[in-house]
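Input: a single structure, listed below in structure tokens.
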Amino acid sequence: MDDGVYVGNAGRDATGNQGWLLGHFKEQGDPRHSDAVEVKWGVHPRGEQRAQWVQGEVRTALLVLITGRFRMEFRGRSVLLEQQGDYVVWGQGVDHSWFAEDDSVVMTLRWPSVSGYAVPDEEQGCFKVL
């Protein structure tokens with residue numbers, strides 16, 4: 001019976017959609033479908049970084065460190081998240097990228113949920129620094 005409730009596990013569910021759990025990309029009728037917000041469970045091994053900068057951002061985002069050390073890069077500013085619960089918020093027009101200094105788990109919320117921001121699927125949009 002479809003009661004409008006979804007129960008899952010972020011670690012397992014994150015393997016699809018490059019870690020994004022909730023947003024416009026889920027099917028209509030799925031409780032995880034939303035045009036208002038997107039939620040991501042990001043698991044990043046040490047040395048992984050975003051393959052290219054996000055430019056022309058039209059959303060607001062909140063990234064919270066769950067475990068590890070994770071660096072957010074902004075034009076002219078670098079923010080290191082080191083303690084569980086450290087977070088950073090950025091808004092529209094803020095270009096950004098990221099780098100996992102240690103094995104890291106982060107949760108990202110961004111709003112509204114809009115299409116067109118996926119990195120071409122080369123190694124899931126990330127690469128490791130050797």
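For the atom pair CD of Glu38 and CG of Leu21, the computed distance is 11.0 Å after rounding to the nearest 0.5 Å. Atom CH2 of residue Trp90 and atom CZ of residue Arg77 lie 12.5 Å apart, to the nearest 0.5 angstrom. One distance of note links OG of Ser34 with NZ of Lys26; it measures 12.5 Å at 0.5 Å rounding. Taking CD of Gln49 as the reference point, atom CZ of Arg71 lies at 11.5 Å (rounded to 0.5 Å). Between the OH atom of Tyr6 and the NE2 atom of His33 there is a distance of 16.0 Å, given to the nearest 0.5 Å. A distance of 13.0 Å separates CD of Glu73 from CZ of Arg50, quoted to the nearest 0.5 Å.
Residues Leu109 and Val105 share a hydrophobic cluster, clusters being chains of Ile/Leu/Val/Met/Phe/Trp/Tyr side chains in contact below 4.5 Å. No chain of hydrophobic side-chain contacts below 4.5 Å, direct or via other Ile, Leu, Val, Met, Phe, Trp or Tyr residues, connects Leu62 to Met72. A continuous path of hydrophobic side-chain contacts links Phe74 to Val106 [ILVMFWY only; heavy atoms under 4.5 Å]. Cluster annotation: Trp20 is not connected to Trp111 through the hydrophobic network of ILVMFWY side chains, with a link wherever side-chain heavy atoms come within less than 4.5 Å. Following chains of ILVMFWY side-chain contacts shorter than 4.5 Å, one can reach Trp41 starting from Val37, so the two form part of one hydrophobic cluster.
Across Leu81 and Leu65, no two heavy atoms sit closer than the pair O-CD2, 3.4 Å. Considering every non-hydrogen atom in both Glu48 and Trp98, the closest pair reads O-CZ3, 3.5 Å. Between Val94 and His96, the shortest heavy-atom contact is O-ND1, 3.3 Å. The nearest pair of heavy atoms linking Asp95 to Gln55 is OD1-CA, 3.2 Å. In terms of heavy atoms, Val58 sits closest to Pro112 at O-CD, 4.3 Å. Closest non-hydrogen pair, Phe70 versus Ser104, comes out as CD1-CB, 3.8 Å.
Not one N or O on the side chain of Asp30 forms a donor-acceptor pair closer than 3.5 Å with the backbone of Glu27. At distances below 3.5 Å, at least one donor-acceptor pair connects side-chain atoms of Ser113 with backbone N or O atoms of His24. In terms of modelled atom types and a separation under 3.5 Å, the side chain of Asp103 and the main chain of Pro45 share no donor-acceptor contact. Of the possible polar contacts, none joining the Glu57 side chain to the Gly93 backbone as a donor-acceptor pair under 3.5 Å is found.
Counting heavy atoms of neighbouring residues, nucleotides and ligands inside a 6.0 Å radius, atom OH of Tyr87 does not exceed 12 of them.
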message: For Arg69 and Leu80: C-alpha separation, side-chain torsions, deciding distance, then whether side-chain contact (heavy atoms from CB on, under 4.5 Å) applies.
response: CA-CA 7 Å; Arg69 282 173 47 103; Leu80 180 61; 3.5 Å; yes
